[in-house]
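What follows is a set of notes on a single structure, which appears directly below.
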Amino acid sequence: MSILSKKIGIDLGTSTVLIYVKGEGIVINEPSLVAVDRDGTRILAVGKQAFDMVGRAPESIQLVRPMREGAIADFALTERMLHHLVGKVQGRQRLFKPEIMICVPSGVTSVERRAVTEAAISAGARQAWLIDEPLAAAMGAGLPIAQPRGHAICDIGGGTTEIAVISLSGTVVAHSIRVGGNRIDDAIATYMKRKRNLLIGERSSEEVKIAVGSAVSIKEPMLAEVRGHDLVTGLPRSVEISSNDVAEAIQEPLRLIAGAVRDMLEQTPPELAAGIFDRGIVLSGGGAQLRGIDRYLSMHAGIPAVVADDPQTAVVRGTGLALEQFEVLKRNQSYLR
């Protein structure tokens, strides 16, 4: 049965769910969002279909993020979302239940870990394994984690930022903070409200971040138009926002991320710290796509920073590499729990 079962890796993020199938690659990349009816009893849409309803749905439809800050906020909806997505991956081949590996933030509690495992089993898994996000991110970024030297990774997700030092295939130091892309979006919305008297939604904030977002001021800033409600007149209004405006708006969450990197470096054993200061820290996760984030961390954390190739998929690709060595990793508790 194990041979015939699909091996599935899941990056169950606050903002996005990515699913990797052994032998097929990444097959699902959808928002971690569920649309339910007013009573919360019936699921109307999952993933991209639910995201298309953001800001446009009537009062009879609720849009819920089952994951919050890297942990399960709504167990029932998480289970049903997983069941839908895993079923989508399985297709008609549902005779043999899949073996599933799920990434979790290093800072989650044993209760939260158990909740993720139970959600995967309830969603149809024959067996469920957990792997820490920083370890998966380091593998996906191509770091030689089996070597006896320190490798630093910073995974900036939607709800959490995971920073870790990895050596000899194990985590030496790990630091997790509940700050990520969502906090950056909130900071942009707060800036527009305070400085421009314009009320914008979650989706508009994210679109601004993607279009012109930058962690540092630049000489030739990009411009974007953002639309919202004027707080004075209550009427629709559009204003222009630049990359430098966004850089000013998001300084608080960026400071918290840089501070977490410094804290991690202070806790790193001196034998590993010297090599890390030479090689720098690798950035992964969707938040690593923010323009200038590597320069910002280099300046404020005092360590070279480089963005991984295709940073948003690094974690799930690392899970895929772990799946390739599944039988070996099941015997190595430093990887899987």
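Summarising the geometry, atom CG belonging to L168 is positioned 9.0 Å from atom NE2 belonging to H151; distances are rounded to the nearest 0.5 Å. Summarising the geometry, atom CG belonging to D155 is positioned 10.5 Å from atom CD belonging to Q312; distances are rounded to the nearest 0.5 Å. In this structure, L199 CG and D230 CG are separated by 10.0 Å, a value rounded to the nearest 0.5 Å. Atom CD1 of I10 sits about 13.5 Å away from atom CD1 of I131, to the nearest 0.5 Å. Of the inter-residue distances, the one linking S60 atom OG with R38 atom CZ reads 6.0 Å to the nearest 0.5 angstrom. With values rounded to the nearest 0.5 angstrom, M81 atom CE is found 6.5 Å from L85 atom CG.
In this structure, the side chain of S284 does not engage the main chain of A314 through any donor-acceptor pair within 3.5 Å. The backbone N or O of P98 sits nowhere less than 3.5 Å from a side-chain atom of R126 that would complete a donor-acceptor pair. The backbone N or O of E240 lies less than 3.5 Å from a partner atom in the side chain of R196, making a donor-acceptor pair. Side-chain N or O atoms of D11 include none that pairs as donor or acceptor with a backbone N or O of I102 at under 3.5 Å. In this structure a side-chain-to-backbone donor-acceptor pair under 3.5 Å is missing from T171 to V173. In this structure a side-chain-to-backbone donor-acceptor pair under 3.5 Å is present from T313 to D310. Checking side-chain atoms of R279 against main-chain N and O of G150 turns up a donor-acceptor pair under 3.5 Å. Between the side chain of S214 and the backbone N or O of S217, no donor-acceptor pair lies under 3.5 Å. The closest donor-acceptor contact from the side chain of R68 to the backbone of D74 lies at 3.5 Å or more, if one exists at all. At least one donor-acceptor pair closer than 3.5 Å links the side chain of Q251 to the backbone N or O of A247.
At a threshold of 4.5 Å between non-hydrogen side-chain atoms, the residues N197 and R237 count as touching. Within the 4.5 Å cutoff, side-chain heavy atoms of M67 are placed close to those of I72. You'll find the side chain of S243 reaches within 4.5 Å of the side chain of I218, heavy atoms only.
Counting side-chain heavy-atom gaps under 4.5 Å among Ile, Leu, Val, Met, Phe, Trp and Tyr, the cluster of F51 also holds L33, L44, M53, V54, I61, L63.
The nearest pair of heavy atoms linking S32 to V17 is CB-CG2, 3.8 Å. Nearest heavy atom pair, residue G213 against residue V246, reads CA-CG1, 3.7 Å.
Under the 4.5 Å side-chain heavy-atom criterion for grouping Ile, Leu, Val, Met, Phe, Trp and Tyr, M299 is connected to L254 within one hydrophobic cluster. No single ILVMFWY cluster, assembled from side-chain heavy atoms under 4.5 Å apart, contains both L143 and V172. Linking Ile, Leu, Val, Met, Phe, Trp and Tyr whenever their side-chain heavy atoms come within less than 4.5 Å leaves I121 and M101 in two separate clusters.
Between R262 and E266 there is no salt bridge, since no side-chain N of the basic residue sits under 4.0 Å from a carboxylate O of the acidic one. Electrostatic pairing of D132 and R113 counts as a salt bridge here, judged by a charged N lying under 4.0 Å from a carboxylate O. Salt-bridge annotation for K88 and E30: present, with a side-chain N of the basic residue lying under 4.0 Å from a carboxylate O of the acidic one. Between K209 and E207, no side-chain nitrogen of the basic residue sits less than 4.0 Å from a carboxylate oxygen of the acidic one, so the salt-bridge criterion is not met.
Counting non-hydrogen atoms of neighbouring residues, nucleotides and ligands closer than 6.0 angstrom, the CD atom of Q267 exceeds 12 such neighbours. For R203, the CZ atom sits in a packed shell: over 12 heavy atoms of surrounding residues, nucleotides or ligands are nearer than 6.0 Å. Counting non-hydrogen atoms of neighbouring residues, nucleotides and ligands closer than 6.0 angstrom, the CZ atom of R227 reaches no more than 12 such neighbours. The number of heavy-atom neighbours closer than 6.0 Å to CD of E252, taken from other residues, nucleotides and ligands shown, is 12 or below.
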Please walk me through it: do E24 and K6 pass salt bridge (charged side-chain N to carboxylate O under 4.0 Å, His left out)? CA-CA 10 Å; E24 298 179 30; K6 280 194 175 184; 3.5 Å; yes
Worked verdict on S15 versus N182 for side chain to side chain donor-acceptor pair (under 3.5 Å): CA-CA 8 Å; S15 299; N182 293 346; 3.1 Å; yes
Carefully, step by step, assess E202 and R65 under the rule salt bridge (charged side-chain N to carboxylate O under 4.0 Å, His left out). CA-CA 13 Å; E202 172 190 338; R65 289 198 180 273; 3.1 Å; yes
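Here the rule is side-chain contact (heavy atoms from CB on, under 4.5 Å) with I163, and of I153, V261, L283 only V261 fits it.
Every side chain to side chain contact (heavy atoms under 4.5 Å, CB included) that P253 has, sequence neighbours left out, goes to V179, R183, I184, A187, I250.
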